[in-house]
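Naming: A, B, ... by sequence-line order, numbering from 1 per chain.
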Amino acid sequence: MAGKTLYDKVWDAHVVHAEDSETMLLYIDRHLVHEVTSPQAFEGLQIAGRQPWRTDSMLAVADHNVPTTSRANGIDDPVARLQIETLDTNCEHYDITEFKMSDLRQGIVHVIGPEQGATLPGMTVVCGDSHTSTHGAFGALAFGIGTSEVEHVMATQTLVQRKSKSLLVSVDGEVGAGVTAKDIVLAIIGEIGTAGGTGYTIEFSGDAIYALSMEGRMTVCNMSIEAGARAGMIAVDDTTIDYIKGRPFAPSADQWDAAVAAWRDLRSDDDAVFDKVVRIDASTIEPQVSWGTSPEMVTSVTGHVPDPAKLSDEAKAEGMQRALEYMDLEPLTPISDIKVDRVFIGSCTNSRIEDLRAAAAVIKERKVADSVKQALIVPGSGLVKQQAEKEGLDNIFIEAGFEWREPGCSMCLAMNADKLGDGERCASTSNRNFEGRQGKGGRTHLVSPAMAAAAAIAGHFVDVRIF
Amino acid sequence: MRAFTKLNGLAVPLMRNNIDTDAIIPKQFLKSIKRSGFGVNLFDEWRYLDPGYPGQDSSERQPDPEFVLNEERYAGAQVLIAGDNFGCGSSREHAVWALDDYGIRCVIAPSYADIFFNNSFKSGLLPIALDADTVNKLSEQCETTPGYQLTIDLEAQTVTTPEGEVINFDVDPFRKECLLEGLDEIGLTLQKRNSIEDYESKRKQSAPWLFN
Ligand code: SF4
C-alpha cells in the first residue's frame with residue numbers, strides 16, 4: 001500500500017464518523033471567528049437554543065471593518081460599528097476569547113492565529129474566511145467555510161466534509177535574489193490557473209519552499225484559494241517548530257516534547273502518491289505583477305501586457321479583452337510603463353514583520369513619487385506594528401511619505417474608509433485583483449512588498465532587483 | 001433549511017468565467033448582521049450604474065440597461081446559467097443568500113469554486129455542474145428562446161429543456177438527501193453526539209496540547 005500524504009495524515013486523525021464512503025464527519029480543533037461571517041451563525045445558535053460545543057477552541061477578532069486610523073473615537077460608520085459590537089456581545093455572552101479593537105493583540109485573523117501560537121501543526125483550523133488556507137503553512141489542515149458551516153462548527157465541533165484530491169506543487173531549486181514568497185505563489189497561480197487547484201488540497205514542497213521563513217510559507221499557503229484550492233499545506237520542519245516555541249497558545253513545557261515528536265511525522269511519506277503533480281523550476285521565477293482582474297492574469301515585471309489577438313481560444317481572448325478594458329491597459333505595454341496612483345502594503349498575504357522589513361529596505365532614504373496620491377502601510381497586527389516600531393521601520397516609512405496605520409484588512413477589500421477611487425490604479429500586496437475589490441472601478445496590481453515599495457518610489461512598476 | 005425537490009423556472013444566461021463572490025455581492029453589503037435582504041444588491045456593480053451602499057432606497061438607483069438581469073424578458077428568473085469556476089473568491093455565504101433572496105433557486109455552470117458549492121446546499125440553492133458544451137448550448141437556447149424555462153428534478157437528477165431534451169446531472173447522495181428533505185444538518189450531526197465525545201476523549205489522551 002502506498003504511503004500517506006501530509007493531507008491524508010491530518011485528515012485521518014480527525015475522522016469522527018463516516019457518513020458514507022466519501023463523506024466524513026471531521027473534528028475541528030481551532031475555530032477562528034471574525035465580525036463579518038459570524039453574526040448570522042451566532043443568531044442561528046440562539047434561535048435553535050444551542051450552546052457552542054467548545055468555546056476554548058475559538059478565538060475571535062474584528063478585522064475586516066475596523067478603521068485603520070486612530071480608534072480613540074470608535075467607529076464612525078454605524079453599520080460597521082453594529083457588526084463589531086455584535087461580535088463583542090456574542091463573545092461576552094458565550095465567554096469566547098476575543099481580541100477587542102483596543103487590544104494590542106488585535107489584527108487580521110490570519111496573522112494573529114499563528115502569531116499567538118493558536119495555529120499548531122496537525123490541527124484542523126477553520127474560519128469563515130477563504131484565506132484560512134494561510135494556516136496550512138504549519139502542516140495544519142486549514143480551510144475557509146461559509147456562515148452555515150461556522151454555525152455547524154460552533155454547535156458540534158465538527159464539519160461534514162468530502163475529502164478532496166491531492167495536488168503536489170514542488171518548487172525545485174533556488175529562487176534568485178529579490179524573488180519572494182509572493183512571487184513564487186503568483187508564478188504558481190499563473191502556471192496552474194485560478195481553477196487549477198479546484199477540488200484539490202495542495203501540498204507545497206521543494207527546496208524553494210523549505211527555504212522560506214514561516215512568514216513566507218504563510219504568504220504561499222494564503223493564496224492557495226486563489227488557485228482554487230480550499231487548503232494548501234507545507235510539511236513541518238525545524239523552521240515550523242522554532243517559530244511556535246514560546247508563543248502564548250503553544251503547548252506548555254510539560255507537553256512540548258510530546259507535541260514536537262508528533263509533529264515530526266507531519267510530512268508526506270516518501271512513497272505517497274498524489275493525484276496530480278506540478279513541478280516548477282524556482283530559478284525561472286522573476287518578480288511578478290498581475291495585469292488583469294484574476295490572479296492568474298500575471299506576468300513578470302520584465303514582461304508585457306499580453307495581447308488577446310494572439311490567443312486562439314475565443315472565450316479566453318474575450319475574457320482577456322474584458323480584463324484589459326477594465327484595467328485600461330493596451331496590449332504589449334511593458335509592465336514597467338504602468339503608473340500607479342496608490343500603493344497598499346498590507347493584508348493577510350503580506351503584512352507580517354518580514355514583509356515590512358522587505359518594504360523598508362527598499363524605501364530607506366527614498367521618497368514616495370509626487371505622482372502617487374497615497375501610499376499606505378497597514379501592519380497585520382498590533383504586535384507586528386509594535387515590533388516594526390521597535391526596529392524603527394515606522395520612521396523609514398513616514399519619512400518617505402507613507403502613512404503608517406493601525407492593523408486590519410483595510411484596502412485589501414475596502415470595507416472601511418481605505419479604498420480606491422473610480423479608475424485609480426494600485427500596487428497592492430493583497431491577494432485579489434477582482435473588479436471592484438479595492439473600491440468600485442479601482443484597478444489592482446498584485447505584487448510583493450518589495451515591488452510595491454519600489455513602485456511607490458518610482459511612481460510606476462520597476463524591477464526591484466535593479467532598483 | 002428549505003427543501004429542493006422540483007423546479008420549473010425561467011432561465012437567465014450570464015456566461016462569464018470566474019464570476020467571483022465579490023461580483024455576486026460586493027463587500028459593503030456584508031456589514032449586515034442579517035441573512036436576508038441581499039437580493040436587491042445581487043451583482044450590484046454590474047446591475048447598477050450608480051454606486052451602491054447599504055440602506056439605500058433601491059427605487060432611486062439607476063439600473064444598467066445593458067446588464068442581462070435588467071432585461072424585461074428575464075424578470076423573475078429562477079435558474080442562472082453561468083461560466084466556469086462560478087463563485088470563486090471569498091467564502092461569503094452572503095453570495096448564496098443574495099442569489100436566493102433575488103429568487104434564483106438553481107445555478108447551472110461547468111464548474112464551481114469549492115466553498116461556494118458547499119455553501120449553496122446550506123440554503124437550498126442547487127448548483128448543477130454540466131459539461132461546458134451543454135452549458136453553452138443551454139445558454140444559447142436561452143438567449144434565442146423567449147420565456148425559456150428549465151425543469152429541474154432533483155430526485156431524478158435531470159434537467160429538461162422546453163424542447164423535451166433530458167440532461168442528467170450528478171449530485172452527491174448525502175447532499176441530495178439533505179436537500180430533498182430540507183434536513184437540518186446540525187440536528188443530524190448532533191444525533192452523533194456520542195461519537196464526537198468518544199473522539200474527543202481519545203484525542204485528549206493522544207494530543208492533550210490541542211485542548212488547552
Ligand atoms: S486581509 Fe483581505 S484577504 Fe485577508 S482576511 Fe482581510 S479581507 Fe480577507
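Here the closest non-hydrogen pair linking A:Ser148 and B:Arg35 is OG-NH1, 3.8 Å. Nearest heavy atoms, B:Pro173 versus A:Asp20: CG-OD2, 4.4 Å. Considering all non-hydrogen atoms of both residues, B:Asp114 and A:Gly199 come closest at OD2-N, 3.0 Å.
Only the side chain of A:Thr158 comes within less than 4.5 Å of a heavy atom in chain B; its backbone stays farther off. Only the side chain of A:Asp77 has a heavy atom closer than 4.5 Å to any heavy atom of chain B. Within the 4.5 angstrom heavy-atom criterion, atoms from both the backbone and the side chain of B:Asp172 approach chain A. With a 4.5 Å cut-off on non-hydrogen atoms, A:His152 touches chain B through its backbone and its side chain both. Looking at B:Arg193, both its backbone and its side chain come within 4.5 Å of chain A, counting heavy atoms on both sides. In this structure, chain B has a heavy atom under 4.5 Å from the backbone of A:Val15, while its side chain stays farther away. A:Thr86 touches chain B through its side chain: at least one heavy atom from C-beta onward sits under 4.5 Å away, while N, CA, C and O do not. Both the backbone and the side chain of B:Phe211 have a heavy atom closer than 4.5 Å to some heavy atom of chain A. Proximity to chain B (any heavy atom under 4.5 Å) is shown, for A:Glu151, by both the backbone and the side chain. For chain B, the nearby part of A:Trp53 is the side chain; its heavy atoms alone come within less than 4.5 Å. With a threshold of 4.5 angstrom between heavy atoms, A:Gln157 approaches chain B through side-chain atoms but not through N, CA, C or O. With a 4.5 Å cut-off on non-hydrogen atoms, A:Arg432 touches chain B through its side chain but not through its backbone. Of the two parts of A:Thr23, only the side chain, counted from C-beta on, holds a non-hydrogen atom closer than 4.5 Å to a non-hydrogen atom of chain B. Only the backbone of A:Ile145 comes within contact range of chain B, with at least one heavy atom under 4.5 Å from a heavy atom of that chain. Only the side chain of A:Glu19 has a heavy atom closer than 4.5 Å to any heavy atom of chain B. Contact annotation for A:Ala262: only side-chain heavy atoms (C-beta onward) come within less than 4.5 Å of a heavy atom of chain B. The parts of A:Leu413 that come within reach of chain B are both its backbone and its side chain, each placing non-hydrogen atoms under 4.5 angstrom from that chain.
Within the model, atoms NZ of A:Lys440 and CG of B:Asp44 stand 7.0 Å from one another, a figure rounded to the nearest 0.5 Å. To the nearest 0.5 Å, atom NZ of residue B:Lys122 and atom CD of residue A:Glu149 are 4.5 Å apart. Residue B:Ile115 holds its CD1 atom at 7.5 Å from OG1 of A:Thr132, rounded to the nearest 0.5 Å. The NE2 atom of B:His94 sits 7.0 Å away from atom OG1 of A:Thr37, with the distance rounded to the nearest 0.5 Å. To the nearest 0.5 Å, the span separating CG on B:Leu210 from CG on A:Asp56 amounts to 10.5 Å.
Within a 6.0 Å sphere centred on CG of B:Asn168, other residues, nucleotides and ligands contribute more than 12 heavy atoms.
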Name each donor-acceptor pair under 3.5 Å that joins a side chain in residues 174-182 of chain B to protein atoms two or more places apart or in another chain, with its distance.
unit_1   : atom_1 : unit_2   : atom_2 : d
B:Arg175 : NH2    : B:Asn118 : OD1    : 2.4
B:Lys176 : NZ     : B:Glu155 : O      : 2.9
B:Lys176 : NZ     : B:Gln157 : OE1    : 2.9

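If you tally non-hydrogen atom pairs under 4.5 Å between each of B:Gly83, B:Gly89, B:Ser111, B:Gly187 and chain A, the highest count goes to B:Gly89. Most heavy-atom pairs under 4.5 Å with chain B, from the set A:Thr194, A:Thr293, A:Asp422: that is A:Thr194.
Residues of residues 57-66 of chain B having a heavy atom under 4.5 Å from any heavy atom of chain A: none. Within residues 43-50 of chain A, the residues having any heavy atom less than 4.5 Å from a heavy atom of chain B are, in residue-number order, A:Arg50. Of all residues spanning residues 14-30 of chain B, those with a heavy atom less than 4.5 Å away from chain A's heavy atoms are B:Arg16, B:Asn18, B:Asp20, B:Asp22, B:Lys27, B:Leu30, arranged by number.
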(request) May I have the step-by-step check of side-chain contact (heavy atoms from CB on, under 4.5 Å) for B:Lys192 and A:Val16, ending in yes or no? (result) CA-CA 9 Å; B:Lys192 299 180 196 99; A:Val16 170; over 6 Å; no

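Within the 4.5 Å cutoff, the side chain of A:Leu25 has no heavy atoms near those of the B:Ser195 side chain.
Ring geometry, A:His14 versus B:Tyr199: the interplanar angle falls from 30° to 60°, so the pair is classed tilted.
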